[in-house]
A.B. asks: 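Provided herewith is a single structure, encoded as structure tokens, for subsequent inquiry.
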Amino acid sequence: MTKHGKTIKIFLIDGEANGRMTCELSNWTGKAYKINRAKIKDCKDREELQKTGVYLLLGKDIEGNDMVYIGEAEQVFKRLNQHLATKDFWNEVIVFISKDENLNKAHIKYLEHRLHYIVEDANRYIIENTLIPSKPAIAESDYAEMEVFIENAKLLVSTLGHKLFEPKREIAIQNDKKLFYIQGTRGANAIGEPHTDGFLVLKGSQATINTVPSLTPSFLRLRDKLIQQRILEEQKDSFVFLDDYVFSSPSLAAATVMGRNANGLTEWKMKDGSNLKEFETSDSKINL
């Protein structure tokens with residue numbers, strides 16, 4: 001397949017989509033392995049995994065939130081086996097190695113450090129690391145090479161089905177023509193935008209304090225969860241979003257903001273008064 005002008009080669013090691021796989025880019029010495037937790041023991045004969053690399057343990061917490069642990073090792077297979085006994089949240093791992101064995105200890109420490117901050121800035125996944133990886137000193141020529149490695153790793157992680165490096169905001173906030181509002185309804189004052197995963201409500205938006213008795217129980221539970229997680233914080237006469245938050249649908253976003261059941265396609269409106277439904281069926285619809 002081709003993505004962003006680069007040819008990506010995926011090989012199914014076990015001959016099945018849910019099994020182990022490798023992923024490579026044309027004209028790049030790096031290589032990715034995607035391995036299910038249950039298949040780790042089967043990798044003892046993969047010589048590349050006996051060497052230096054950086055890896056991402058991927059899974060979810062008990063509430064279903066995406067989690068990642070970012071690590072490095074001089075013997076990746078050995079370290080992954082250690083994680084089988086010490087970390088139980090993860091169900092798959094993506095490993096990055098170099099086919100020409102050009103990665104040394106300083107390189108993988110640098111990659112671990114940079115990936116940690118990229119994931120933190122994207123703010124999509126909970127980072128399971130308890131310590132922030134330190135940044136090692138590397139040569140200027142190595143710095144440029146590692147930055148290329150990171151950009152290619154980001155592309156392959158996205159190709160393999162994870163968005164942990166991708167910013168939540170997919171539309172430039174400066175472009176006011178593409179923002180939607182709920183204002184003055186039961187004290188709500190929120191701004192949002194369409195998103196490939198549903199609908200994103202922007203940091204600083206305000207949600208009404210009170211909910212109506214008829215609010216769908218699952219909507220109420222999500223609202224309470226956001227309050228417990230301090231995504232929503234009570235400030236004076238409203239709940240304020242302390243961070244951008246992606247809802248699975250515009251209606252769920254609207255219900256959370258308004259404290260009642262709502263049709264997000266008609267409640268979210270642009271400054272000219274047109275609603276999300278009209279926008280999505282018009283010729284000006286954004287290709288997210």
Side-chain angles (χ1 to χ4, degrees), residues 1-4 6-61 64-105 107-109 111-112 114-116 118-119 122 124-129 133 146 148-166:
M1 72 173 70
T2 301
K3 192 171 185 178
H4 301 311
K6 297 184 178 181
T7 301
I8 301 173
K9 301 177 182 178
I10 296 177
F11 175 70
L12 304 180
I13 298 173
D14 304 309
E16 53 188 47
N18 294 326
R20 297 171 295 166
M21 64 178 65
T22 61
C23 195
E24 301 180 44
L25 285 172
S26 55
N27 301 317
W28 184 49
T29 59
K31 184 177 183 179
Y33 275 84
K34 181 179 178 182
I35 311 165
N36 291 336
R37 182 186 180 110
K39 293 283 189 177
I40 295 298
K41 295 292 185 181
D42 296 340
C43 294
K44 61 183 178 181
D45 61 344
R46 308 297 294 189
E47 291 186 10
E48 291 173 317
L49 296 178
Q50 308 292 340
K51 299 171 184 175
T52 303
V54 62
Y55 59 88
L56 307 165
L57 303 181
L58 299 156
K60 296 182 181 293
D61 65 12
N65 300 306
D66 290 317
M67 294 184 68
V68 62
Y69 177 89
I70 305 155
E72 51 80 21
E74 292 183 271
Q75 296 182 45
V76 174
F77 179 72
K78 180 179 179 181
R79 183 64 56 81
L80 294 180
N81 274 279
Q82 292 171 347
H83 287 318
L84 289 175
T86 59
K87 299 184 183 301
D88 64 358
F89 79 92
W90 62 284
N91 50 45
E92 73 177 40
V93 63
I94 297 177
V95 178
F96 289 97
I97 54 93
S98 175
K99 292 182 289 186
D100 61 9
E101 301 183 27
N102 249 354
L103 291 179
N104 60 34
K105 184 66 173 179
H107 292 155
I108 59 174
K109 291 293 292 183
L111 293 173
E112 179 190 39
R114 285 282 287 118
L115 292 177
H116 183 281
I118 295 170
V119 173
R124 281 179 176 265
Y125 282 52
I126 297 171
I127 300 175
E128 209 271 345
N129 302 63
M146 289 303 99
V148 171
F149 196 103
I150 287 167
E151 289 305 308
N152 288 334
K154 288 164 61 177
L155 177 60
L156 293 187
V157 168
S158 174
T159 301
L160 292 171
H162 295 280
K163 297 183 177 181
L164 71 164
F165 298 125
E166 300 175 21

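The figures that follow rest on heavy atoms only: side chains count, while hydrogens, waters and symmetry mates do not.
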A.B. asks: Answer whether the closest heavy-atom distance between the side chains of Lys31 and Thr22 falls below 4.5 Å.
C.D. replies: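 When only atoms from C-beta onward are counted, Thr22 and Lys31 do touch, with a gap below 4.5 Å.
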A.B. asks: Could you report the tightest heavy-atom contact between Leu155 and Lys6, atom names first, then the distance?
C.D. replies: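 That would be CD2-CD, 3.9 Å.
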A.B. asks: When rounded to the nearest 0.5 angstrom, what is the spacing between CD1 in Ile97 and NZ in Lys51?
C.D. replies: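 If I round to the nearest 0.5 Å, the distance is 8.0 Å.
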A.B. asks: Rounded at 0.5 Å granularity, tell me how far CZ in Arg124 sits from CG in Asn65.
C.D. replies: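 Arg124 CZ to Asn65 CG: 13.5 Å, rounded to 0.5 Å.
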A.B. asks: Could you check whether any side-chain N or O of Arg20 sits under 3.5 Å from a backbone N or O of Asp42, counting only pairs where one atom can act as donor and the other as acceptor?
C.D. replies: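 Confirmed, Arg20 side chain pairs with Asp42 backbone.
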A.B. asks: In the structure I gave you, are the side-chain heavy atoms of Arg46 and Ile13 within less than 4.5 Å of one another anywhere?
C.D. replies: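 Counting from C-beta outward, Arg46 and Ile13 do come under 4.5 Å.
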A.B. asks: Judged by atom type as modelled, is there a donor-acceptor pair below 3.5 Å linking the side chain of Asn36 to the main-chain atoms of Asn18?
C.D. replies: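 Yes, the answer is positive, given that a donor and an acceptor are paired below the 3.5 Å cut-off.
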A.B. asks: Quick one: does Asp100's side chain have a donor or acceptor within less than 3.5 Å of a partner on Asn102's backbone?
C.D. replies: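 Yes; judged by distance alone, with no hydrogens or angles, the pair exists.
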A.B. asks: Please check this pair: side chain of Arg37 against backbone of Trp90, looking for a donor-acceptor N/O pair closer than 3.5 Å.
C.D. replies: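 Side chain of Arg37 to backbone of Trp90: a pair is present.
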A.B. asks: Measure the spacing between CE of Met67 and CG of Leu56 and express it to the nearest 0.5 Å.
C.D. replies: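 Here the interatomic distance stands at 13.5 Å.
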A.B. asks: With a 4.5 Å limit on heavy-atom distance, are the side chains of Leu58 and Asp66 in contact?
C.D. replies: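 Not touching, per the 4.5 Å side-chain cut-off.
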A.B. asks: Any side-chain heavy atom of Ile35 sitting closer than 4.5 Å to one from Cys43?
C.D. replies: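 Ile35 vs Cys43: side chains touch.
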A.B. asks: Quick check on Glu47: does its CD atom have over 12 non-hydrogen neighbours (other residues, nucleotides or ligands) under 6.0 Å away?
C.D. replies: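 Check fails, neighbour count at 12 or below.
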A.B. asks: CZ/Phe77 to CG/Asp45 distance, rounded to the nearest 0.5 angstrom?
C.D. replies: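 Going from CZ on Phe77 over to CG on Asp45, the span is 8.5 Å.
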A.B. asks: Is the centre of the Tyr69 ring less than 6.0 Å from the centre of the His83 ring?
C.D. replies: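 Between Tyr69 and His83, the centre distance is under 6.0 Å.
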A.B. asks: I'd like to check Ile10 versus Thr159 (side-chain heavy atoms, cut-off strictly below 4.5 Å). Are they in contact?
C.D. replies: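 In short, these two side chains touch, coming nearer than 4.5 Å.
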A.B. asks: Check Ala32 against Phe96 and note the closest heavy-atom contact, atom names and distance.
C.D. replies: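 That closest heavy-atom pairing would be CB-CE2, 3.5 Å.
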A.B. asks: What do you reckon, is NZ of Lys105 surrounded by more than 12 foreign heavy atoms closer than 6.0 Å?
C.D. replies: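 Check passes, neighbour count above 12.
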A.B. asks: Quick one: CG on Leu111 to CD1 on Ile70, what's the gap to the nearest 0.5 Å?
C.D. replies: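 Here the rounded value is 11.5 Å.
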A.B. asks: Kindly give the heavy-atom pair with the smallest separation between Leu103 and Ser98, and that separation in Å.
C.D. replies: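 Where Leu103 meets Ser98 most closely, the heavy atoms are CG-CB, 3.7 Å.
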A.B. asks: Around Asp88, counting heavy atoms of other residues, nucleotides and ligands shown, do more than 12 lie under 6.0 Å from its CG?
C.D. replies: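 Count not over threshold, so no.
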A.B. asks: Looking at side-chain heavy atoms only, is the closest gap between Tyr33 and Leu49 below 4.5 Å?
C.D. replies: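 SC-SC contact between Tyr33 and Leu49 confirmed.
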A.B. asks: Does Lys44 offer a backbone N or O that forms a donor-acceptor pair with the side chain of Gln50 under 3.5 Å?
C.D. replies: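 Checking the backbone N and O of Lys44 against the side chain of Gln50, a donor-acceptor pair under 3.5 Å is found.
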A.B. asks: Given side chain to side chain contact (heavy atoms under 4.5 Å, CB included), test Glu128 with Lys87 step by step and report yes or no.
C.D. replies: CA-CA 10 Å; Glu128 209 271 345; Lys87 299 184 183 301; 3.2 Å; yes
A.B. asks: Check this for me, if you would: do Glu72 and Arg79 make a salt bridge, where the nitrogen-to-carboxylate-oxygen distance has to be below 4.0 angstrom?
C.D. replies: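 A salt bridge is absent here (no side-chain N lies under 4.0 Å from a carboxylate O).
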A.B. asks: Using side-chain heavy atoms (C-beta onward) and a distance below 4.5 Å, is Asn152 in contact with Leu156?
C.D. replies: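 The answer is no; the side chains never approach within 4.5 Å.
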A.B. asks: Looking just at side-chain N and O atoms, do His162 and Tyr125 make a donor-acceptor pair shorter than 3.5 Å?
C.D. replies: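 Judged by distance alone, the side chains do pair up.
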A.B. asks: With a 3.5 Å distance limit and no angle check, can you tell me whether Lys34 reaches the backbone of Leu160 through a side-chain donor-acceptor pair?
C.D. replies: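 Yes.
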A.B. asks: Mind checking whether Phe165 and Val119 have side chains closer than 4.5 Å, heavy atoms only?
C.D. replies: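 Heavy-atom side-chain distance check passes, below 4.5 Å.
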A.B. asks: Of all heavy-atom pairs between Val54 and Gly71, which one has the smallest distance, and what is that distance?
C.D. replies: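 For Val54 and Gly71, the tightest heavy-atom pair comes out as CG2-O, 3.0 Å.
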A.B. asks: Can you give me the closest heavy-atom contact between Lys41 and Leu84, atom names plus distance?
C.D. replies: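 So the two residues come closest at CE-CD1, 3.8 Å.
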A.B. asks: Of all the heavy-atom pairs spanning Asn129 and Val68, show the shortest one and how long it is.
C.D. replies: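 Closest pair (atom of Asn129, atom of Val68, distance): OD1-O, 4.1 Å.
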A.B. asks: Run the side chain to side chain contact (heavy atoms under 4.5 Å, CB included) check on Ile150 and Leu115 step by step: do they pass?
C.D. replies: CA-CA 8 Å; Ile150 287 167; Leu115 292 177; 4.3 Å; yes
